[in-house]
Structures are given as structure tokens and as C-alpha cells.
Q: 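Sending over a structure as C-alpha cells; questions will come in a sec.
Any value given below was found using the heavy atoms of this structure, including those in side chains, with hydrogens, waters and symmetry copies removed.
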Amino acid sequence: MSGLLVYFQYQALFLWLVLAAGWTISAINRRKERLRRLGSGRHKTHCCSSGGGSGSPDDAVAVAGDDTRNLTGSSGCGDAAGGGRGGSCSVTDADAGVGNADPGDKMDGALRRVASPARFRCGPYVPPSTALMPPVCLVMPVKGCRPHSLDNWTSLLDLQYGADLEFVFVVESREDAAVRALEELQKKMAFKVAGAAGRMRREVKLRVVVAGLAQRCSQKAHNLCAGIESCDPRLARERGYILCLDDDVALHPGTLMDLVEDLQHRPDVFMATGYPFDVPPPGSSFAAYLALAYHLPLLIAFSVAPDTSFVWGGCMLLRADQLLPGDPGGMLRAWRNGGYSDDLILASYCTERRLGIRVPPFAIFPQRLDPRMTWAAWLNYLHRQLFVLDTYTNEHNRKTNHTMMWLHSILSWLLVLPSLAALLTLVARLSKLLIGIATAVAVGRHGLVEGEEAPLLPLLQLPGEVVAVAAGWAAAHGALVFMTAEILALFRVLSPTPVVPHVSLSRFRWGHLWVAMMFSNAVLPVVMAYTYFTPTVVWGGVVYRKRRGKVAPICRRG
């Protein structure tokens with residue numbers, strides 16, 4: 001039995017090192033992105049005009065040739081994401097993607113010929129040109145209005161983007177508390193503003209769509225489908241994009257433009273996504289740290305490489321021509337036909353069809369934790385997160401989700417239980433050490449006892465596997481602190497004036513976090529088993545029942 005425990009403790013060492021490696025790679029990728037963006041500021045004095053990351057007009061003509069003969073002004077390498085502070089320019093209808101010419105071909109071709117060489121000339125990073133961006137529709141299912149919701153929605157309306165934007169907020173009924181706040185916001189935003197492309201106007205629209213009550217799928221999936229189908233069909237004709245967001249996501253000002261540009265240069269990629277990083281407010285409850293601990297290992301899957309197989313439902317940028325008109329790929333039908341989890345269904349849809357998914361290193365977003373989260377709220381949250389693993393739309397989706405279910409459960413206990421055994425051994429040895437020192441002092445020997453009675457001997461004779469587990473945890477802690485510091489530093493670069501206030505590294509209560517990490521992983525397999533054998537879950541006030549992996553017809557009281 002002891003030999004088996006030793007084996008599992010070395011297995012725990014391996015898992016701690018895997019976590020340490022994943023968090024370290026994530027930190028390095030965030031640091032590279034931060035330095036890339038900071039490096040653009042050092043290059044502005046050499047080839048770009050002040051404020052907008054732009055060079056001379058001659059540079060633009062040299063780069064783009066005849067395709068930029070109608071692009072004039074002091075901005076040669078593309079306007080800054082903040083609305084063209086470096087100068088103005090004009091774009092003809094053909095270059096802007098309107099008129100009789102094929103807008104998608106013009107836009108894609110011109111962007112490849114102008115933006116990429118310009119970025120190379122202007123240093124490590126230059127905000128993408130706003131003159132050639134396609135239109136985007138942001139679809140956001142909302143329910144209720146929390147204290148910070150209005151500030152978050154207002155910040156989204158101020159996104160730095162040089163083309164037409166449409167915001168579609170989707171509610172289940174007119175009685176929703178968010179409707180009044182959105183209507184007030186709609187009155188304030190009923191105007192057109194001049195875009196970064198000078199003569200081309202940037203149109204900002206805000207609409208509230210009432211989706212009605214879901215009957216055979218989750219309310220979120222139902223709202224997403226209703227919002228996407230209400231988007232302007234010209235999005236597909238002009239090769240625009242649809243960005244699906246959760247209502248509590250705080251985007252950085254330039255994230256939308258960067259995500260669109262990333263997909264513009266990767267026509268082989270189907271979609272782009274990101275991931276949240278939880279920010280605990282001062283005085284957050286232990287339950288809030290339990291939610292943070294659950295997300296941290298999952299963050300690795302969205303951090304080690306920009307090409308991934310995972311999707312986070314809080315931020316999904318999709319090509320409009322894949323969804324409109326009439327849902328040609330069947331994605332919306334998969335959501336509507338008993339779908340519960342929007343992101344896992346979409347991830348399965350992409351992997352089954354070998355469609356690419358991008359998660360760039362800048363696509364990480366601060367997310368407020370509820371500082372007053374209760375134990376009951378955390379248990380419901382964990383139940384909902386694990387419930388998705390036993391929902392699916394087809395056999396491929398089922399195998400993928402059930403594989404993740406069992407791996408998640410097994411790896412959680414392989415990490416925690418041997419680590420707890422090592423911790424108990426260490427505590428026992430330390431207790432014996434303290435007792436030995438106290439005894440030696442009491443008899444007047446000042447802690448020095450002959451032979452095997454030496455008080456330091458219990459600590460010096462720690463088993464190698466216990467030392468290995470402690471070393472693995474120390475490596476994981478160092479990597480986690482490193483990653484947290486780099487993510488917070490990247491936030492300060494991406495959002496100089498953020499919606500979620502910047503926090504310092506000292507804000508994190510590391511003791512709470514590590515206790516939460518151990519406790520969360522210890523109870524996760526138990527909650528997973530309960531979820532597997534329990535057919536119902538409560539989400540947003542609705543009781544969902546699963547039947548053969550799909551949401552059964554929903555019955556609401558009244």
C-alpha cells in the first residue's frame with residue numbers, strides 16, 4: 001500500500017509540473033504580446049507619426065502600389081485603433097468595399113497588401129488600419145441588470161473600430177430588468193459618428209431583440225440564435241463578422257479590431273475566441289476564490305498556442321457568411337435542437353469538420369468575481385459548469401464531452417489526494433520536530449540530543465516523494481504568480497482606462513487561492529458523479545432537464 005502511495009505522489013509531482021509548465025508558457029506568451037505592443041511605441045519615432053502609429057504617405061504608396069492610389073492623408077501605415085489620431089484619409093467606394101465591386105474581395109485583398117507590409121515597416125506591432133475593416137454585429141444575450149452592467153455595456157459601445165458596428169442585446173421578454181436600461185442607452189447612442197477613415201462614416205446602431213422563451217434548448221442558445229438571425233444580411237455579403245459575447249465580459253478597447261484583423265489574415269480559420277481572467281475584489285469570500293481556482297487550470301488550454309480546439313462562450317467571433325443567410329453550416333440548428341452548452345457544441349462542430357479556432361494571446365479579458373459569492377452559489381456554478389459535459393448533440397460531441405468528464409475527475413484526484421497525503425506527512429514530521437525541540441529545551445539540553453533523538457532528525461528524514469511533491473507545488477506557485485503578474489501587466493497595456501479597475505499582484509490572497517485549489521479539485525469528482533446521475537440543473541432561474549444529452553422540452557410554472 002505504501003508503495004502505491006509513493007507512486008501516486010510522484011504522479012502528483014508530474015501533474016504539478018505540468019501545471020507549472022502550462023502557466024509558465026502562458027506567462028511567456030502574454031509577456032511577448034505586451035513587449036510587442038510596447039515595442040511599437042519605441043518605433044513610432046523612427047517611422048510612424050506621433051499618436052497613431054502611422055508613417056509618411058510615400059511609405060503607404062510604396063507598400064500598396066496602385067491599390068492605394070485613392071488613399072490619401074498623413075497616415076501611411078494605417079490609423080491607430082483609437083480612431084485615426086495620426087491623421088485622416090479618404091477611401092473610395094471601391095476600396096471601402098461598397099458599390100458594385102465585390103466588397104469581400106476588395107477588402108481582403110487590400111488589407112493583405114496594405115496592413116501586413118505596413119506592420120512590418122512600423123515595428124513589432126501597429127494597430128490595424130481602420131479604413132478597410134468589415135462590418136461587425138455584436139450579439140449579447142442579457143438577463144437582468146447588475147450594478148456594473150450598464151458601465152460594462154457603455155464601454156462596449158466605445159470600442160475602437162473604424163467600420164460599421166451593430167449591437168444586438170437579446171432578452172427573453174420585455175419584462176426583463178435590462179430592457180429599461182438598454183432603452184435609455186439606445187437613446188444616447190442613436191447617432192452616427194465619423195470613423196477613422198475620414199469620408200467613410202462609422203455607423204453605430206443598438207437594437208434590443210426579444211427572443212421569447214426557449215422551449216427545447218438553453219435560453220442562452222435560444223437568445224444567440226435569435227440575435228444572429230436578426231443581424232443585417234449584408235454582413236455575409238461584405239464578409240463581415242458576428243461577435244457573440246456574454247453580458248459580463250469587459251473587452252479591451254482595441255480587442256475587436258485585433259480579433260478581426262487576425263481572422264482577416266487567416267482565411268482558413270473558422271472563428272476566434274478568448275478566455276477570462278478572474279479579478280477578485282478586496283475582501284472577496286472564499287467561495288469567490290473557489291470559482292477562481294476552477295478557471296486557472298482551464299486557462300492553460302487557451303494560452304499555450306494560438307491555434308486551439310477549445311471555445312469559450314463568452315467571446316466568439318464568427319464569420320457571418322457561415323451563419324447567414326439561412327444557417328448554411330447548420331450551426332444554429334445544432335444549438336436549437338436540444339443544445340445546452342453553446343461553446344462545447346461549437347467546439348465539437350469545429351473539430352468534427354476540421355475548422356480552425358484561434359485564441360490570440362491578447363484575447364484575455366478581466367472578469368469581476370462576485371466578492372459576496374456564497375457556498376450555495378458556488379456549488380450551483382460548479383454544477384452548471386460540469387453539467388455541460390453530459391450534454392451533446394451527436395456521437396462525436398458525446399465522446400468528446402465524456403472523455404473530458406472522466407479526465408477532469410481522474411486528474412483532479414490524482415493531483416489532490418497524493419498531495420494531501422504528502423502534506424499530512426509533512427505536518428506530522430513538523431509536529432514531531434516541535435515536540436522534540438520543546439522536550440530538549442524543557443530538560444535543559446538546548447535542543448541537542450545524542451544519536452537518533454536529535455530533534456531535527458524528523459525533518460531531515462522526510463521521504464523523497466514528500467520532498468518531490470513540495471518541490472512540484474513550489475514550482476506551480478512560482479509559475480502561477482509569474483503568469484498572474486504578466487496578465488495584469490498586459491491588461492494595463494491593453495486597457496489604459498479599463499472597465500474593471502487595474503489590480504496589483506498583492507491583491508491576490510495566495511493562501512486562500514491554494515486552499516481553494518485543493519478543495520475545489522477534491523470535491524470536483526463528487527460533484528461530477530452527482531451531475532452525471534442527476535438529470536436537472538438550475539440556470540438563470542430555469543430548471544433544465546437533460547435527456548440523452550439534449551435539453552428536454554422545458555416546462556415552466558405558470
Q: Do R358 and T308 have side-chain N/O donor and acceptor atoms under 3.5 Å apart?
A: no
Q: Test side chain to side chain contact (heavy atoms under 4.5 Å, CB included) on F167 and V136 and set out the steps.
A: CA-CA 9 Å; F167 295 85; V136 175; over 6 Å; no
Q: Return yes if some donor-acceptor pair links the side-chain N/O of D278 with the main-chain N/O of L369 below 3.5 Å, else return no.
A: no
Q: Check this for me, if you would: do R237 and D321 make a salt bridge, where the nitrogen-to-carboxylate-oxygen distance has to be below 4.0 angstrom?
A: no
Q: CG of D343 to CH2 of W312: how many Å apart, nearest 0.5 Å?
A: 9.5 Å
Q: Salt bridge check, D232 against R207: does any charged N sit closer than 4.0 Å to a carboxylate O?
A: no
Q: Any idea which heavy atoms bring P134 and G240 closest together, and the distance?
A: CB-CA, 3.9 Å
Q: Mind checking the OH-CG spacing from Y294 to L382? Nearest 0.5 Å is all I need.
A: 6.5 Å
Q: Any heavy-atom pair between the side chains of M271 and L317 that's under 4.5 Å?
A: no
Q: Is the closest side-chain heavy-atom distance between I228 and C244 below 4.5 Å?
A: yes
Q: What are the two closest heavy atoms between W153 and G144, and how far apart are they?
A: CH2-O, 4.0 Å
Q: Donor-acceptor pair, T351 side chain versus A347 backbone, under 3.5 Å?
A: yes
Q: Can D390 and K546 be counted as an ion pair, charged N to O under 4.0 angstrom?
A: yes
Q: For R547, is the CZ atom crowded, meaning more than 12 foreign heavy atoms sit under 6.0 Å from it?
A: no
Q: Hey, mind stepping through D342 and K220 against salt bridge (Lys or Arg N to Asp or Glu O under 4.0 Å) and telling me if it holds?
A: CA-CA 8 Å; D342 54 314; K220 181 183 178 182; 3.1 Å; yes
Q: Let me confirm one number: the NE2-CG distance from H396 to N401, rounded to the nearest 0.5 Å.
A: 9.0 Å
Q: Which heavy atom in R37 sits nearest to a heavy atom in D258, and how many Å separate them?
A: NH2-OD2, 2.9 Å
Q: Is S495 reaching over with its side chain to a backbone N or O of R492, donor-acceptor style, under 3.5 angstrom?
A: no
Q: Would M331 and L346 satisfy side chain to side chain contact (heavy atoms under 4.5 Å, CB included), going step by step from the backbone distance to the final call?
A: CA-CA 7 Å; M331 182 62 246; L346 183 52; 3.3 Å; yes
Q: Which heavy atom of L324 sits nearest to which heavy atom of C231, and what is that distance?
A: CD1-CB, 4.0 Å
Q: Just do the side chain to side chain donor-acceptor pair (under 3.5 Å) check on N394 and E352 with the steps written out, would you?
A: CA-CA 10 Å; N394 55 34; E352 189 175 10; 3.3 Å; yes
Q: Between Y349 and F270, what is the ring plane arrangement, given parallel below 30°, perpendicular above 60°, and tilted in between?
A: tilted
Q: Among side-chain atoms of Q264 and Y241, is any donor-acceptor pair under 3.5 angstrom?
A: yes
Q: For residues N380 and R384, is any side-chain donor paired with an opposing acceptor at under 3.5 Å?
A: yes
Q: Quick one: closest heavy-atom pair of A214 and I554, and the distance?
A: O-CD1, 3.7 Å
Q: Can you confirm whether R234 sits close enough to P135 that some side-chain heavy atom of one is under 4.5 Å from a side-chain heavy atom of the other?
A: yes
Q: Looking only at heavy atoms, which two atoms of V209 and A226 are closest? And how far apart?
A: CG1-O, 4.5 Å
Q: Could you check if a side-chain atom of P306 sits within less than 4.5 angstrom of a side-chain atom of V359, using non-hydrogen atoms only?
A: no
Q: Under 3.5 Å, side chain of S348 to main-chain N/O of L344, donor-acceptor pair present?
A: no
Q: Would you compute the distance between atom CD of Q385 and atom NE2 of H408 and round it to the nearest 0.5 angstrom?
A: 10.0 Å
Q: Can we say E183 and R180 salt-bridge, meaning some charged N sits less than 4.0 Å from an Asp/Glu carboxylate O?
A: no
Q: Mind running side chain to side chain contact (heavy atoms under 4.5 Å, CB included) on L245 and L156 for me, showing each step along the way?
A: CA-CA 10 Å; L245 290 176; L156 290 175; 4.2 Å; yes
Q: Hey, does R319 have a side-chain heavy atom less than 4.5 Å from the side chain of L263?
A: yes
Q: Verify, without hydrogens or angle tests, whether S26 (side chain) and S303 (backbone) share a donor-acceptor contact under 3.5 angstrom.
A: no
Q: Are Y340 and W539 an aromatic pair by the rule of ring centers under 6.0 Å?
A: yes
Q: For H402 and Y392, take the angle between the two ring planes, folded into 0 to 90°, and tell me which bin it lands in: parallel under 30, tilted 30 to 60, perpendicular over 60.
A: perpendicular
Q: Between D246 and D248, is there a donor-acceptor pair closer than 3.5 Å when you use the side chain of the first and the backbone of the second?
A: no
Q: Report yes if the side chains of R368 and D370 come closer than 4.5 Å at any heavy-atom pair, otherwise no.
A: no
Q: Between N29 and E486, do the side chains contain an N or O donor and an N or O acceptor separated by less than 3.5 Å?
A: no
Q: Please find out if less than 6.0 Å separates the ring center of F277 from that of F365.
A: no
Q: Could you grab the distance from atom CZ of R30 to atom CG of L35, nearest 0.5 Å is fine?
A: 14.0 Å
Q: Check for a donor-acceptor pair, side chain of D247 on one end and backbone N or O of V142 on the other, with a separation under 3.5 Å.
A: no
Q: First locate atom CG of L332, then atom CD1 of I345, and finally report the distance between them rounded to the nearest 0.5 Å.
A: 11.0 Å
Q: Would you sort out whether L490 and I487 count as a side chain to side chain contact (heavy atoms under 4.5 Å, CB included), showing the intermediate values?
A: CA-CA 5 Å; L490 181 59; I487 289 177; 5.6 Å; no
Q: Counting N and O atoms only, with roles assigned by atom type, does the side chain of H222 sit under 3.5 Å from a partner on the main chain of R216, one being a donor and the other an acceptor?
A: no
Q: Under a 3.5 Å distance rule, please check whether T391 uses its side chain to pair with a backbone N or O of G549 as donor and acceptor.
A: no
Q: Less than 4.5 Å apart, side chain to side chain, heavy atoms only: is that true for T400 and E395?
A: no
Q: Say whether, by atom type as modelled, one donor and one acceptor occur between the side chain of E33 and the main chain of P360 under 3.5 angstrom.
A: no
Q: Could you tell me whether D327 and R336 make a salt bridge, using a distance below 4.0 angstrom between a side-chain N and a carboxylate O?
A: no
Q: Any side-chain heavy atom of L494 within less than 4.5 Å of one from R34?
A: no
